[in-house]
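Numbering of residues begins at 1 and proceeds along the displayed sequence.
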Amino acid sequence: MLEDGRVFRGRSYGAVGTTLGEAVFATGMTGYQETLTDPSYDRQIVVQTAPHIGNTGVNSEDPESRRIWVAGYVVRDPARRPSNWRSEGSLDDELARQGVVGIQGVDTRAITRHLREHRTMRAGIFSGEAAQRTDKELLDEVLASAPMEGARLAEEVSVDETYTVEPADHGWEGEPRFTIAAVDLGIKSMTPHRFAERGVRVHVLPASSSLEDVKAVQPDGFFMSNGPGDPATADGQVALLRSVLDEKIPYFGICFGNQILGRALGFGTYKLRYGHRGINQPVMDRRTGKVEITSQNHGFAVDAPLDGPTPAPEERYGRVEVSHVSLNDQVVEGLACLDIPAFSVQYHPEAAAGPHDAAYLFDRFIDLMEDQRRLESQPGLEATQSEEAK
């Protein structure tokens, strides 16, 4: 049941009962287990555009977090039985075990077209006794649910205590090259993995962390992850990032972390009509002219000018430019600060599942930390470089 009254009838899939959330569609043709366990999908009902789901089952290696986060799951043709050497169980059994209400046998292409034409909207899946009520009763329940605008969700999905990911546990030999503080706003497990395999020790901090918490781990760099909810509600994280930027600690943000950088610089954010969710989104790196095929999952974007470098509305941060842009709709996909050590992207360079075109961004952040370390070791160098930039 969509909030505009459109109804799709099918059969129960996963748990039986009622679930409410924002209906969105994801276009990935693989990686459904990673999609389900991505915390950025908290309170969202995911419609899979790929018609055949569940054929490889589920396993204990591919989840991107500690549980399934989607509020509900909509598929057309689920596999009758999994068939893969890595499979440890069926997807429908796992959905039922974790209490995720789903629906199968519906026309997911029609749902996707409807959402594209009319926008993402609140929805509900009702099965069992709940489905016996009238359409009017079900619609009233959907309309009474909370919208995504104004939703503050990062604290819901974040860790409660700091933990550390060591490079030695991911194939790195020798001492760590750098240490970073990473604020978990809904972080995917592959992100600290990508850092660690490059020799970076990662301290993952809760979403409510302070500057004192960040400085306590003596970081060479600061990172903010992807996550769910409306970036307009992330005042605490914006204030934290501003304090970090004022300390000249190098910064890298992904997805929600990109929107927070945008807000910290003084730009606004807005809700997209139906968002970007999939593993085949084309993005241009405007600095190199190269096109990357990227993994994305976002319903909000930064409102920043595309026409070259511009002074940040928060003037103390100097100039900023849109470094990456979506080739589908010209949405801002990355920001680069020109006078402070900070940059971010709206998509997922860790890409689990998805293409690895953007993996170089982890190396770019390492280069940024190396540059900052060199500046700190040579006090006169920063002034010289500043004059050369002018």
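F25 has its ring centre less than 6.0 Å from the ring centre of Y274.
When atom types are taken as modelled, the side chain of R109 and the backbone of T49 share no donor-acceptor pair closer than 3.5 angstrom. Not one N or O on the side chain of T233 forms a donor-acceptor pair closer than 3.5 Å with the backbone of G229. Side chain of D42 to backbone of V157: no donor-acceptor contact under 3.5 angstrom is found. Counting only distance, with no hydrogens or angles, the side chain of R67 and the backbone of Q98 share no donor-acceptor pair below 3.5 Å. Within the 3.5 Å criterion, the main-chain N or O of E292 finds no donor-acceptor partner in the side chain of D357. Judged purely by atom type and a 3.5 angstrom limit, H52 uses its side chain to pair as donor or acceptor with the backbone of D77. The backbone N or O of N59 lies less than 3.5 Å from a partner atom in the side chain of Q33, making a donor-acceptor pair. Under a 3.5 Å cut-off, the side chain of S209 and the backbone N or O of P206 do form a donor-acceptor pair. With S158 contributing its side chain and E155 its backbone, the two residues share no donor-acceptor pair below 3.5 Å. Between the T191 side chain and the I187 main chain, no donor and acceptor come within less than 3.5 Å of each other.
The nearest pair of heavy atoms linking V202 to A182 is CG1-CB, 3.8 Å.
R119 and E22 are not joined by a salt bridge, as no carboxylate oxygen comes within less than 4.0 angstrom of a charged side-chain nitrogen. For the pair D135 and R9, the salt-bridge criterion is met [side-chain N within less than 4.0 Å of a carboxylate O]. Taking the charged nitrogens against the carboxylate oxygens, D371 and R374 do have a contact shorter than 4.0 Å, which makes a salt bridge. Of the charged side-chain nitrogens involved, at least one lies within less than 4.0 Å of a carboxylate oxygen, so that R319 and D339 count as a salt-bridged pair. Salt bridge annotation for K188-E350: present, with a cationic side-chain nitrogen under 4.0 angstrom from a carboxylate oxygen. A salt bridge is defined here as a Lys NZ or Arg NE, NH1 or NH2 lying under 4.0 Å from an Asp or Glu carboxylate O, and E376 with K248 fails to meet this definition.
A 4.5 Å side-chain heavy-atom check between Q259 and Q346 finds at least one atom pair inside the cut-off. For the pair Q44/W69, no side-chain contact is recorded, criterion being any heavy-atom separation below 4.5 Å from C-beta on. Taking the side chain as every heavy atom from C-beta outward, V291 and L327 approach each other to under 4.5 Å. Side-chain contact between F267 and D303 is absent, with no heavy atoms from C-beta onward closer than 4.5 Å. Looking at Y41 and L36, their side chains never come closer than 4.5 Å, going by heavy atoms from C-beta outward. Under the 4.5 Å side-chain criterion, counting only non-hydrogen atoms from C-beta, L261 is not in contact with F343. Put simply, the side chain of L185 reaches to within 4.5 Å of the side chain of Q237, judged on heavy atoms. Between P78 and Y13, some side-chain heavy-atom pair lies under the 4.5 Å cut-off.
Here the CZ atom belonging to R242 is positioned 14.5 Å from the CG atom belonging to L211, to the nearest 0.5 angstrom. One distance of note links CD1 of I53 with CZ of R76; it measures 12.5 Å at 0.5 Å rounding. Note that CD1 of I254 is 7.5 Å distant from NE2 of H348, once rounded to the nearest 0.5 Å. Interatomic distance, CD1 of I249 versus CD1 of I340, reported as 12.0 Å (0.5 Å rounding). The distance from the CG atom of L335 to the OG atom of S344 is 4.5 Å, given to the nearest 0.5 Å. Rounding to the nearest 0.5 Å gives a distance of 10.0 Å between CG of L368 and CD of E370.
Residues V74 and V100 do not share a hydrophobic cluster, clusters being chains of Ile/Leu/Val/Met/Phe/Trp/Tyr side chains in contact below 4.5 Å. With hydrophobic clusters built from ILVMFWY side chains whose heavy atoms lie under 4.5 angstrom apart, F256 shares a cluster with V214. Under the 4.5 Å side-chain heavy-atom criterion for Ile, Leu, Val, Met, Phe, Trp and Tyr, I293 and Y347 are members of distinct hydrophobic clusters. Neither Y270 nor L153 shares a network with the other; the hydrophobic side chains, linked directly or stepwise wherever heavy atoms of I, L, V, M, F, W or Y lie under 4.5 Å apart, form separate groups for each. Under a hydrophobic-cluster definition in which Ile, Leu, Val, Met, Phe, Trp and Tyr are linked whenever side-chain heavy atoms come within less than 4.5 Å, directly or via other members, I260 and I180 are assigned to different clusters.
Under the 3.5 Å distance criterion, with hydrogens and angles disregarded, no donor-acceptor pair is assigned to the side chains of H298 and N258. Between E333 and H324, the side chains place no donor N or O within less than 3.5 Å of an acceptor N or O (distance only, hydrogens not considered). Donor-acceptor pairing under 3.5 Å is lacking for the side chains of S243 and D246. At a cut-off of 3.5 Å, with distance as the only test, a side-chain donor of T164 or H203 sits close to an acceptor on the other residue. For the residue pair N297 / D38, a side-chain donor-acceptor distance below 3.5 Å is found, with atom types taken as modelled. Judged purely by distance below 3.5 Å, without hydrogens or angles, the side chains of Q48 and Y73 pair a donor atom with an acceptor atom. Side-chain N/O atoms of H276 and N328 include no donor and acceptor closer than 3.5 Å.
For E129, the CD atom counts as loosely surrounded, since its 6.0 Å shell holds 12 or fewer non-hydrogen atoms of other residues, nucleotides or ligands. The number of heavy-atom neighbours closer than 6.0 Å to CE of M121, taken from other residues, nucleotides and ligands shown, is above 12. Within 6.0 Å of CZ on R316 lie more than 12 heavy atoms contributed by other residues, nucleotides or ligands. Shown here is R66, whose CZ atom has more than 12 heavy atoms of other residues, nucleotides or ligands within 6.0 Å.
Ring-plane geometry between F365 and F252 is classed as tilted, the angle between the planes lying from 30 to 60 degrees on a 0 to 90 degree scale. Classified by interplanar angle (parallel below 30°, tilted 30° to 60°, perpendicular above 60°), the ring pair F362/F195 is perpendicular.
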Next on the checklist: The test is side chain to side chain contact (heavy atoms under 4.5 Å, CB included); show your working for V142 and L2 and say whether it passes.
Outcome noted: CA-CA 7 Å; V142 170; L2 297 174; over 6 Å; no
Item to check | Worked verdict on R263 versus D235 for salt bridge (charged side-chain N to carboxylate O under 4.0 Å, His left out) | outcome: CA-CA 9 Å; R263 284 200 56 203; D235 293 341; 2.8 Å; yes
Item to check | Verdict with reasoning, L20 to R122, per side chain to side chain contact (heavy atoms under 4.5 Å, CB included) | outcome: CA-CA 7 Å; L20 301 167; R122 290 170 293 174; over 6 Å; no
Next on the checklist: Before you tell me yes or no, could you show the steps for V101 and V16 under side chain to side chain contact (heavy atoms under 4.5 Å, CB included), namely the whole-Å CA-CA distance, both residues' side-chain angles and the distance that decides it to 0.1 Å?
Outcome noted: CA-CA 6 Å; V101 177; V16 174; over 6 Å; no
Next on the checklist: Between R97 and E94, does the salt bridge (charged side-chain N to carboxylate O under 4.0 Å, His left out) criterion hold? Intermediate values first, please.
Outcome noted: CA-CA 5 Å; R97 188 182 72 82; E94 186 63 20; 2.7 Å; yes
Item to check | Stepwise side chain to side chain contact (heavy atoms under 4.5 Å, CB included) test for I279 and T30 | outcome: CA-CA 9 Å; I279 59 177; T30 185; 3.7 Å; yes
Next on the checklist: Please evaluate residues D329 and R273 with respect to the criterion salt bridge (charged side-chain N to carboxylate O under 4.0 Å, His left out), reporting the C-alpha separation (whole Å), side-chain torsions for both, the decisive distance (0.1 Å), and the verdict.
Outcome noted: CA-CA 11 Å; D329 53 16; R273 184 175 180 83; over 6 Å; no
Checklist entry - Can you check side chain to side chain donor-acceptor pair (under 3.5 Å) on K271 and T120, steps first, answer last? => result CA-CA 10 Å; K271 196 173 193 304; T120 57; 3.0 Å; yes
